[in-house]
Amino acid sequence: MAGNDRFVNQIADINGDYTKWYTDVCLKAELCDYGPVKGTMIFRPYGYAIWELIQAEADKLFKAHGVSNAYFPMLIPQSFLMREAEHVEGFAPEVATVTHVGDAELSEKLVLRPTSETIIGSMYSKWISSYRDLPLKLNQWANVVRWEKTTRPFLRTSEFLWQEGHTAFATPEEASADAFEMMGVYKQIANEVLCLPVLCGQKSEKEKFAGAVATYGMEAMMKDGKSLQSGTTHYLGDNFARAFDVKFLDKDGTHKYAYQASWGISTRLIGAIIMAHGDERGLCLPPRVAPVQAVVIPIGAAKNPAAGERAAALKAELAACGMRVTLDERDCSPGFKFNHWELRGVPVRVEIGARDIDAGVMTVCRRDTGEKFTMPLEDAGTRISALLTEIANNMFKKASDFTAAHIVRADNLADMEKALDGGNFCDSYWCGDRECEDKIKQLYSASSRVMHEDQSDVSKHKCVCCGKKAKRRIYFARAY
């Protein structure tokens with residue numbers, strides 16, 4: 001039914017209204033919908049399938065790092081948050097509180113977890129008594145609630161899904177190393193699974209996690225030049241151990257406080273995929289997290305049943321090679337189907353018609369480049385598998401080239417303003433003072449993201465803001 005083409009969903013111009021383009025992709029690609037409570041989001045099956053694939057890839061790496069999964073309650077006594085002053089101050093504006101059950105008022109208020117350091121700290125105080133109990137490395141896949149004032153699907157919602165790792169060690173060196181190593185794991189996920197280049201480094205005091213000694217961030221550049229914080233790890237020192245009395249008897253016969261780290265990534269990564277790889281046609285999914293890696297579309301099957309039969313056989317062949325593949329036999333025009341799967345970011349589209357069968361080929365279209373060509377039908381599984389790898393490599397290179405081209409050196413505020421307005425990150429030197437961070441935020445709505453990996457020549461430079469001697473090389477950017 002060619003008339004079905006008029007029902008094809010259209011999305012906003014990515015180069016025009018970027019915000020509307022993003023929202024259109026989220027909704028029209030059927031990733032999510034708005035929940036009945038303001039600020040909440042419902043995962044539709046296609047969007048949740050992407051999260052499941054991210055989760056599976058990450059979970060394998062966590063377990064290889066010696067981490068075990070557990071689950072903790074989402075209701076936390078309010079008194080727990082009060083034990084770590086900096087922590088409660090940092091989260092107070094976002095905490096949702098339960099005060100009643102039915103008509104009965106609770107004797108102690110409960111909070112819906114904004115994060116779980118406190119409740120996990122309380123349990124670690126029960127479970128850890130000896131150096132033999134360490135290290136303890138747990139992770140939970142969970143939901144958290146942070147009552148955000150301004151929300152956007154996947155990027156910032158009142159309730160979201162994430163994983164939070166919580167580890168405890170006998171020494172500060174081990175805990176600090178864990179925070180650093182897990183950032184490396186996150187970078188591996190970003191690069192290899194999501195085809196996403198990232199900048200990783202330590203956060204400033206202003207930007208660090210409430211209650212942490214040091215926070216490390218993973219920043220990804222979106223196509224509008226803004227940064228998306230895509231993962232964080234935290235060295236907590238013994239702050240939470242002291243608050244919750246997490247002590248152990250060491251080998252030397254003395255009681256000591258444990259040292260801890262925590263780390264998390266969330267469904268924000270789906271937003272990162274959309275904005276780093278998407279285009280005027282919608283989603284462009286990295287193959288490893290695409291719920292459908294290849295779609296097979298028979299052409300003219302109504303008049304030529306052989307096309308439908310060959311397409312079904314090809315679908316079975318690709319599935320036998322471990323691919324996530326679907327066969328689109330709907331009574332719609334080819335153009336309608338092409339648009340449907342392009343919007344949803346399927347990496348490879350395969351068309352099979354009578355001419356293809358006669359020539360012993362399949363017509364293939366790559367989502368990442370839009371290139372259309374033919375391939376021999378023989379050994380199709382091996383050929384499409386290799387193509388998926390090629391697509392992933394190209395997506396990473398394309399995003400890496402974009403990121404590199406949009407990092408601009410800024411040595412003064414005039415340079416910074418020009419760079420930020422041009423949709424860039426600023427590679428700058430900074431004196432380390434909070435006042436300069438606040439001024440840049442006030443003037444340009446930009447914030448410090450992470451420290452540059454190369455700090456070797458800092459002493460030779462001046463602060464981008466105040467002109468005093470620099471203490472850090474750091475990236476500034478506008479951010480989500």
Side-chain angles (χ1 to χ4, degrees), residues 58-59 61-72 76 80-81 83-88 90-91 113-142 144 162-190 198 200-205 207-219 229-248 250 256-266 450-451 453:
D59 203 60
L61 292 175
F62 296 165
K63 287 172 179 172
H65 192 67
V67 178
S68 299
N69 285 332
Y71 186 80
F72 295 82
I76 300 174
F80 279 24
L81 263 67
R83 292 194 202 177
E84 215 290 329
E86 186 179 349
H87 188 70
V88 68
F91 281 104
R113 60 176 168 228
T115 181
S116 298
E117 274 77 6
T118 58
I119 191 169
I120 291 176
S122 72
M123 299 312 298
Y124 279 9
S125 70
K126 293 177 62 177
W127 299 342
I128 296 171
S129 59
S130 165
Y131 70 90
R132 297 183 180 87
D133 301 321
L134 298 171
L136 180 56
K137 300 180 179 183
L138 298 184
N139 171 67
Q140 73 166 344
W141 294 94
V144 291
W162 76 346
Q163 60 75 211
E164 49 180 321
H166 296 269
T167 53
F169 300 87
T171 67
E173 292 80 12
E174 291 173 292
S176 180
D178 187 67
F180 189 78
E181 289 166 13
M182 290 311 299
M183 182 52 63
V185 172
Y186 286 166
K187 185 176 182 180
Q188 182 180 353
I189 294 167
V198 288
C200 299
Q202 188 171 344
K203 291 275 190 179
S204 70
E205 283 293 307
E207 297 293 331
K208 77 175 184 179
F209 177 72
V213 175
T215 289
Y216 302 91
M218 180 170 75
E219 303 289 324
Q229 181 176 283
S230 304
T232 52
T233 68
H234 317 285
Y235 167 51
L236 304 175
D238 61 0
N239 292 348
F240 288 88
R242 289 181 180 274
F244 289 92
D245 201 34
V246 183
K247 287 182 177 179
F248 66 96
D250 206 354
K256 298 176 182 177
Y257 288 106
Y259 291 85
Q260 294 175 264
S262 64
W263 28 272
I265 52 175
S266 76
V450 292
M451 308 289 182
E453 62 181 358

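Since the model is a prediction, treat every value here as computed from it, not as a measurement.
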Sequence-distant partners of Ala70, side-chain contact (heavy atoms from CB on, under 4.5 Å), two or more places apart: Phe72, Leu138

So which atom in Ala142 and which in Tyr71 form the shortest heavy-atom distance, rounded to 0.1 Å? CB-CE1, 4.0 Å

Compare every heavy atom of Ala210 with every heavy atom of Phe240, then report the nearest pair and how far apart it is. CZ-O, 4.3 Å

Suppose we screen for salt bridge (charged side-chain N to carboxylate O under 4.0 Å, His left out). Which residues come up paired with Lys187, at least two apart in sequence or across chains? none

Applying side-chain contact (heavy atoms from CB on, under 4.5 Å), name anything that partners Ala190, two or more places apart in sequence or on another chain. Leu196, Val198, Met218

Once you round to the nearest 0.5 Å, how far does OG of Ser116 lie from CE of Met123? 12.5 Å

List the residues meeting salt bridge (charged side-chain N to carboxylate O under 4.0 Å, His left out) with Glu219, not counting sequence neighbours, and say none if there are none. Lys203, Arg449

What residues form a ring pair (Phe, Tyr, Trp, His ring centres under 6.0 Å) with Tyr186, not counting sequence neighbours? none

Sequence neighbours left out, what passes side chain to side chain donor-acceptor pair (under 3.5 Å) with Glu117? Give chain and number order. Thr115, Ser262

Which is it for Gln163 and Ile265 under the side chain to side chain contact (heavy atoms under 4.5 Å, CB included) test, yes or no, and what are the steps along the way? CA-CA 6 Å; Gln163 60 75 211; Ile265 52 175; 3.2 Å; yes

For Ala175 and Ala261 the tightest heavy-atom approach is O-CB, 3.6 Å

Go through the structure and list residues passing side-chain contact (heavy atoms from CB on, under 4.5 Å) with Asp238, not counting sequence neighbours. Ala241, Arg242, Tyr257, Tyr259

Salt bridge (charged side-chain N to carboxylate O under 4.0 Å, His left out) filter on Asp133, not counting sequence neighbours, yields none

Is any side-chain heavy atom of Glu181 closer than 4.5 Å to a side-chain heavy atom of Thr233? no

Could you walk me through whether Phe244 and Phe80 pass ring pair (Phe, Tyr, Trp, His ring centres under 6.0 Å), step by step? CA-CA 9 Å; Phe244 289 92; Phe80 279 24; 5.7 Å; yes

Test item: Leu134 and Phe248 side chains (from C-beta on) under 4.5 Å apart, heavy atoms: yes

Residues in side chain to side chain donor-acceptor pair (under 3.5 Å) contact with Ser125, at least two apart in sequence or another chain: none

Counting C-beta onward and ignoring hydrogens, is there a side-chain heavy-atom pair between Thr232 and Tyr216 closer than 4.5 Å? no

Distance check, rounded to the nearest 0.5 Å: Ile119 atom CD1 versus Ile76 atom CD1? 5.0 Å

Is the backbone of Glu174 close enough, under 3.5 Å, to the side chain of Thr171 for a donor and an acceptor to pair up by distance? yes

For Glu205, salt bridge (charged side-chain N to carboxylate O under 4.0 Å, His left out) partners two or more places apart: Lys208

So Trp263 and Asn139, do their side chains get closer than 4.5 Å, heavy atoms only? yes

Does the side chain of Phe169 come within less than 4.5 Å of Lys137's, by heavy atoms? yes

Do side-chain atoms of Tyr124 reach the backbone of Asp245 as a donor and acceptor pair under 3.5 angstrom? no

In a table with atom names and distances, give each donor-acceptor pair under 3.5 Å that connects a side chain of residues 61-68 to protein atoms at least two apart or in another chain.
{"from": "Lys63", "atom 1": "NZ", "to": "Asp59", "atom 2": "OD2", "distance (Å)": "2.8"}
{"from": "His65", "atom 1": "NE2", "to": "Asp178", "atom 2": "OD1", "distance (Å)": "3.2"}

Are Asn239 and Val213 side-chain neighbours, meaning at least one heavy-atom pair lies under 4.5 Å? yes

Taken in chain and number order and not counting sequence neighbours, the residues that satisfy ring pair (Phe, Tyr, Trp, His ring centres under 6.0 Å) with Phe209 are His87, Phe91, His234

